2 protein chains.
Amino acid sequence: MPRTGSLPIYQQISELIVRDVASGRLADGMKLAPEREMAAELGIAVGTLRKALADLEEKGILERVQGSGNYIRAKADVDSLYAFFRLERPEGGGLPTAEVLSVTRMEKPADLPAFGTSPEAHRIRRLRRLSGEPAAVEEIWLDASYATRITAEELSESLYLYYRRTLGLWVQRAEDRIGLGEVPDWAPAAFGPRPGAAAPVIERQSRAQDGRVAEVSRSWFDWEKARYVARLK
Amino acid sequence: MPRTGSLPIYQQISELIVRDVASGRLADGMKLAPEREMAAELGIAVGTLRKALADLEEKGILERVQGSGNYIRAKADVDSLYAFFRLERPEGGGLPTAEVLSVTRMEKPADLPAFGTSPEAHRIRRLRRLSGEPAAVEEIWLDASYATRITAEELSESLYLYYRRTLGLWVQRAEDRIGLGEVPDWAPAAFGPRPGAAAPVIERQSRAQDGRVAEVSRSWFDWEKARYVARLK
DNA sequence: AGGAATTTGTGCGTATGTATC
DNA sequence: AGATACATACGCACAAATTCC
């Protein structure tokens, strides 16, 4: 594992393992080889490997247990973001799924914050469910510079997984703002609250590995069926 | 800096610096001595110091700049929690302050989630402002096991600073749930929204160093004057 | 403008402590 | 109790970014 391109070795290793998890070569619960053995196989120092593993632990896809081993933890798919920001039922928990309503490439509307390099963006509208119950509607704007064309069929349940696997786009940081808004008129009837009704709104800005804002989104959620949870540390 | 008690050296150093910031010996913007110099003074290895500094950076109270130096970043006091979860004005920014409305020791009401070891808790009600403008009202329940008596006078602007300095209580983790609720009837007139009006609600559970939930709180905010911001990574 | 000095970032190897099996 | 495996700590060398002259 030489220092070929530009990324530090520990980051290359970290991303290598994330890709292995995403591709299924490493599944939830699997135990990694001992650090010394692993480091030897990769041809790097133990300390370097440990830095990569610490990174994965921070991302929430690895659990490190002293005296025991390193274990893959990839329950709710690999989406590490949702380990921090997630929708859940008022009583806690709930299995999140997503249904793509539409995907359209179009000019960025003026009411969006400035982001990306293209004047156009892909607008993705989704209905999000928790254990089958419609819980939120969301509108995502992905800068058009990352893909020329996107179809609803190719989008997986996890957008971030799709970004990573198909577009090579990694969301590194995200910032959410919560306020109050009105349910948009395109919300399907299955979503309980009617258009115009008051609903909490989450506005997200996601930054890619290059530091640029690649995606902005707005989510309106049904406060009787869902809570938005943010966790620190 | 020997390995006296039980805590690792790098954690001891990290907390030492946090205390220095909290006490004012280290102020916002100050530049620390070079790592090698600092490590020599403390009698530890550079790598160990670097781990402590990395910890502080994660907490948001230190900025590390390659080729330049390490700088204290303690804008909105030392409250590292608000570096991740914070209220700000819709257009961004705003200086947060807090006015204590009342402090009462009483039985925990039944509608609170179970927490702490005591049947009683201190109920603290505050009016929070952003650059002087009332932005939120909040009700905090601190388990009575941490203090026998609390007066409004002794509470500082930052509750977490008070917890740390006076009670020896460190908030290690926090989880926020955001939903929709009604402004409580005790909200002062200065807070724009009238009691009963719809407002976004933040329900927080804070865990102390012992892993127990020490405090739960509810905040209602004026969505025209404030946004709740959560940042990841 | 540009090069040297300074300072943090990355990487390696090793020794010892501590938790788990 | 012994073996295994991760955690902490040390020290050194070089790279990369910044600062200073």
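Every chain is numbered from 1 and lettered A, B, ... according to where its sequence line falls, protein lines coming before strand lines. Not measured: the values here are computed from a predicted model.
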Response to the item:
With the side chain defined as heavy atoms from C-beta on, A/S68 is closest, among C/dT20, C/dC12, D/dC14, to C/dT20
Item to complete: Round to the nearest Å and state the distance from B/Y10 atom OH to C/dG17 atom C1'.
Response: 13 Å
Fill in: Protein-nucleotide distance (A/E35, atom CD; D/dT8, atom C1'), rounded to Å
12 Å
Discussion item. Can you tell whether the side chains of B/E203 and B/R177 come within less than 4.0 Å, N to carboxylate O?
Written reply: no
Worksheet item: With a 4.0 Å cut-off on heavy atoms, is B/V46 in touch with a base, just the backbone sugar-phosphate, or nothing at all?
Response: nothing
Worksheet entry | Nucleotide nearest B/R64 when distance is taken to its side chain, options C/dC12, D/dA7, C/dT8 | C/dT8
Item to complete: Between D/dC6, D/dT18, C/dG9, spot the one nearest the side chain of B/R36, thanks.
Response: C/dG9
Discussion item. Counting only side-chain nitrogens and oxygens, does A/N70 get under 4.0 Å of the OP1 or OP2 atom of D/dA5?
Written reply: no
Worksheet item: Just how far, in rounded Å, is P of C/dT8 from CG of B/L53?
Response: 9 Å
Item to complete: Using side chain to side chain donor-acceptor pair (under 3.5 Å) as the criterion, list what pairs up with B/R36, not counting sequence neighbours.
Response: none
Item to complete: Specify the separation, in whole Å, of atom CG of B/D55 and atom P of D/dA7.
Response: 15 Å
Practice prompt. Give the C-alpha distance, both sets of side-chain angles, the deciding distance and a yes or no for side-chain hydrogen bond (donor to acceptor under 3.5 Å, both in side chains) between A/E215 and A/Y146.
Written response: CA-CA 10 Å; A/E215 175 211 75; A/Y146 293 95; over 6 Å; no
Worksheet item: Which nucleotide, D/dA5, D/dC10, C/dC12, lies nearest any side-chain atom of B/I9?
Response: D/dC10
Worksheet item: Looking for any heavy atom pair under 4.0 Å, which part of the strands does A/G47 touch: base, sugar-phosphate only, or nothing?
Response: nothing
Discussion item. Rounded to whole Å, how long is the line connecting atom CG of A/L62 with atom C1' of D/dC6?
Written reply: 12 Å
Discussion item. Using whole Å, what does the distance between atom P of nucleotide D/dA5 and atom NZ of A/K31 come to?
Written reply: 7 Å
Practice prompt. Spell out yes or no: do the side chain of A/Q66 and the base of C/dG17 have one donor N/O and one acceptor N/O closer than 3.5 Å?
Written response: yes
Worksheet item: Would you say the side-chain atoms of A/K108 pair up with the backbone N or O of A/S118, donor to acceptor, closer than 3.5 Å?
Response: yes
Discussion item. Rounding to an integer number of Å, can you tell me how far A/Q11 CD sits from D/dA15 P?
Written reply: 19 Å
Discussion item. Would you say A/R50 places a side-chain N or O within less than 4.0 Å of OP1 or OP2 belonging to D/dC6?
Written reply: no
Item to complete: For D/dA9, take OP1 and OP2 only and decide whether either is under 4.0 Å from a side-chain N or O of B/K51.
Response: no
Response to the item:
Of C/dC21, C/dT7, C/dT10, the nucleotide closest to the side chain of B/P34 is C/dT7
Worksheet item: More 5' along DNA chain C: A/Y71 or A/T48, using each one's nearest nucleotide?
Response: A/T48
Discussion item. Just the rounded figure in Å: distance from P of D/dC10 to CD1 of B/I44.
Written reply: 6 Å
Response to the item:
Which of A/K31, A/R50, A/R64 passes side chain to side chain donor-acceptor pair (under 3.5 Å) with A/N70? Answer is A/R64
